[in-house]
Structure formats: C-alpha cells, structure tokens
Amino acid sequence: MSNPKISSDFFHNLILRGNKELLNLFSPSVNEHFIGSDIFFSIVKDSEHHRINKRITNFIFNNVPLNSCACGFVKNTSYYDFLSPHISGYYFLRLDIKKFFHSIKIEYIELLLESFFSKEKDGFTYSPYDIALLSVSHTVSDEFEDFDLRGNNILPIGFPSSPVISNIIFRKIDILIQKYCENKKIIYTRYADDMLFSSFDTNYIHSDEFEREISVLISLLSLKLNKNKKRVCENTISLNGYTIQNEKPKSTLFFSSYKEEPVGSIRLSNKKLKIIIKMIYLLERNIEPIVIMEKLFNINFNYYKFKYQCNQRGFFIKYVDHQLQNKIKGYRSYLISLITYNNKIQCVTDKNIKKYSHLVDKLNKYIK
C-alpha cells in the first residue's frame with residue numbers, strides 16, 4: 001500500500017495549527033494506568049499531544065481505506081456489522097489476537113508513518129515524522145507494573161490513534177485471511193482483536209488445521225492467538241451481550257446435499273436480557289435505587305471507598321441514583337440501537353423486535 005507523503009505546509013498548518021515551535025518543544029504527555037488486570041494509557045486532555053494525535057487520526061489515518069472485514073473503530077460501522085454477516089452460519093469460531101495493540105511491533109508503525117510524513121527537519125529539532133511517532137507511540141516507563149512492557153515502545157491501548165493504526169497495519173492480513181476463507185466458503189469479520197468465522201455447511205473452521213492457518217497468517221505481523229479466548233460453537237454463539245442463532249442445516253435423503261440456506265438472527269443474550277427485565281421489575285415495584293444497584297450490579301455502601309468524610313450516606317444515595325439513571329439510559333440506547341440497525345438490515349426476528357420495543361417503552365417511564 002503506497003501513500004503519498006503530506007506536504008510540510010499541510011503538516012504545519014493543519015496538524016500543528018501554525019505553531020512551528022512545537023517542532024522544537026513538543027513533549028509527550030501520557031498517563032500510565034494499571035487497574036486490576038487492565039492496562040491502558042491516556043494522553044493528557046487539553047495538551048498539545050492530545051490535539052496533535054486527534055488531528056493526525058482525523059485528517060490522515062481515518063481516510064486510509066481498510067478491508068471490508070474490519071469493523072472495529074471504523075467510520076459508519078458498528079459491532080452489529082461485525083456480527084450480521086454471520087447470521088447465515090451454523091458453525092462458529094471466535095479467535096482472539098493476544099495483546100493485539102501492544103504486540104504490534106514499532107517497526108510496522110514506523111514504516112506506516114514514513115509513508116506519510118517527511119523526515120526532513122529543516123533546522124528544527126524534530127521532523128514531521130518525529131512528531132507523528134512521538135504522538136502515536138509510547139515508551140513505557142521503567143517503573144510500570146507490567147514487567148513485559150517496561151521500556152518498550154508500543155502502540156498504546158487508550159490513544160485515539162491506536163485503533164485505526166492497528167486496522168491499517170493489519171489490512172494486509174485481513175486480505176489474506178479473507179481470501180483464504182472465501183476459498184473455503186467461510187465468512188470472516190474482525191472487531192479489533194476479535195476474529196469471528198462462520199460457515200453454513202462445513203465444520204472445517206473447528207479443525208486444528210484451520211486454526212493453524214490463521215495462526216500462520218497473523219504471525220506475519222509477529223502476532224499470536226490467545227488460546228484462552230477461543231470459542232467453538234454450533235447453532236448459537238454469544239459475544240458481548242449479543243447472540244447469533246441459526247437452525248441446524250437440513251439434508252435431503254440423497255447423500256448430504258443441503259437445502260436452501262436458513263437465515264438466523266441476532267438477539268440480546270439471555271444474560272443481558274435477564275438483567276434488563278429484572279431492573280424493570282424492581283423499578284415497577286418502586287424499589288429504592290440503592291437496593292437495585294446492590295442486587296443487580298453489586299454496588300454496596302459498605303464496600304464503597306469515599307474520598308471525603310462528610311455525609312457519606314447521603315452522598316452514596318445520590319451516587320447510586322445517578323448510576324441507576326445511567327443504567328436505564330444505557331440499556332435503552334442498547335435496545336434502540338439494535339432496533340434501528342434492524343431497520344437497515346433485517347437481522348432480528350419480528351418477535352424480538354416487538355419485545356425490545358416494549359422494553360424501551362417501559363424504560364422510558366423511569367428516565368429523569
């Protein structure tokens with residue numbers, strides 16, 4: 001993939017907004033976070049670093065064409081676009097790329113940036129390429145809690161630019177995987193590190209051979225599969241609160257030739273739907289927010305850590321009331337988004353659309 005370098009004027013005027021002194025003074029502003037098992041990095045808001053990173057992302061990287069199977073963090077696509085191509089499948093396989101962002105080698109990021117940004121310094125301390133690299137990558141501190149990341153220059157989880165950069169770098173692998181799958185009559189989509197495969201009439205995707213082929217292809221970028229997150233399913237697969245379900249392929253009496261392909265559907269997972277229904281049940285019975293949040297979401301006064309000592313009980317009551325409103329609005333949006341997507345691509349049964357619309361009406365009554 002060849003990309004024309006942007007001009008120095010474009011970089012100075014649009015990326016730096018005329019502030020050429022940044023070519024001498026630019027300094028990254030990054031916070032490192034390690035909470036439980038979650039690792040992420042954030043650029044300090046309202047910093048030049050944050051503004052430059054956003055401009056590079058919006059004006060340059062967001063305009064780079066991606067493969068059609070990439071659905072995560074892509075303009076005009078959503079998680080539903082990741083799921084919906086698979087509603088005709090019966091055999092499902094979900095594979096996860098291990099430490100996706102942080103395992104992308106800095107050399108690949110450098111090669112990408114070289115195709116866009118000049119290395120000419122023109123008397124300044126930094127070139128446009130230097131500024132771009134400092135903006136989109138991060139060298140982890142030697143004191144960071146994850147020993148494997150200490151001192152490494154990485155594509156950080158948490159930077160606005162990281163998802164689109166990962167999609168651009170992974171594009172050639174997406175193409176190879178897609179071509180391989182097309183030859184096997186297999187559907188493939190990817191949402192960041194999640195790869196989803198489905199097939200209507202063959203369980204080849206469940207074979208060790210298929211998994212080895214995918215492992216070999218992603219290894220071209222020195223990436224590996226996370227074996228612990230592998231999901232092998234027939235008929236039904238649930239991912240992140242959604243379920244794809246199809247009928248078992250029917251065969252004729254002669255050999256095993258299949259009849260017309262059945263078309264499945266997307267629905268909310270039973271676990272997600274159960275929480276929404278329970279919440280509405282408690283709301284309809286005028287149960288206090290503090291009780292609802294404890295019963296459904298394990299938010300308990302006795303385990304909550306307060307920064308200040310004054311009127312802790314009163315503060316906590318206001319806090320859980322606010323959190324409950326967020327839950328009500330969030331689940332309402334969750335339902336509406338699926339209903340709206342179904343208007344574009346009929347992928348939800350009429351029965352479930354009616355059920356979800358009814359739940360939206362009920363939730364509307366409790367929004368303040």
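Because the structure is predicted, anything quoted here is derived from the model rather than measured.
A salt bridge links Lys227 with Glu211: at least one charged nitrogen is closer than 4.0 Å to a carboxylate oxygen. A salt bridge links Lys362 to Glu284: one of the charged nitrogens lies within less than 4.0 Å of a carboxylate oxygen.
Separation of atoms CG (Leu22) and CZ (Arg51) is listed at 9.0 Å; rounding is to 0.5 Å. Note that the OG atom of Ser84 and the NZ atom of Lys344 stand 8.0 Å from one another [nearest 0.5 Å].
Aromatic ring orientation, His86 versus Phe82: perpendicular (interplanar angle above 60°, classes split at 30° and 60°). Relative ring orientation between Tyr242 and Tyr334 is described as parallel, the plane-to-plane angle staying below 30° on a 0-90° scale split at 30° and 60°. Note on ring orientation: taking the six-membered ring where Trp is involved, the planes of Phe117 and Phe11 are perpendicular (angle over 60°, cut-offs 30° and 60°).
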ring-ring contact (aromatic ring centres under 6.0 Å, His included) between Phe34 and Phe144, intermediate numbers included: CA-CA 8 Å; Phe34 197 106; Phe144 193 58; 5.8 Å; yes

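In this structure, Arg212 is not positioned above the aromatic face of Phe210 in the sense of NZ or CZ being under 6.0 Å from the six-membered ring centre and within 45° of the axis. Geometrically, Arg55 does not engage Phe59 in a cation-pi contact, judged by NZ or CZ lying under 6.0 Å from the ring centre and within 45° of the ring axis. Judged by the 6.0 Å distance and 45° axis criteria, Lys20 is not positioned over the aromatic ring of Phe124.
Put simply, the side chain of His206 never gets that close to the backbone of Glu234: no donor and acceptor are under 3.5 Å apart.
Under the 4.5 Å side-chain heavy-atom criterion for Ile, Leu, Val, Met, Phe, Trp and Tyr, Val164 and Ile15 are members of the same hydrophobic cluster.
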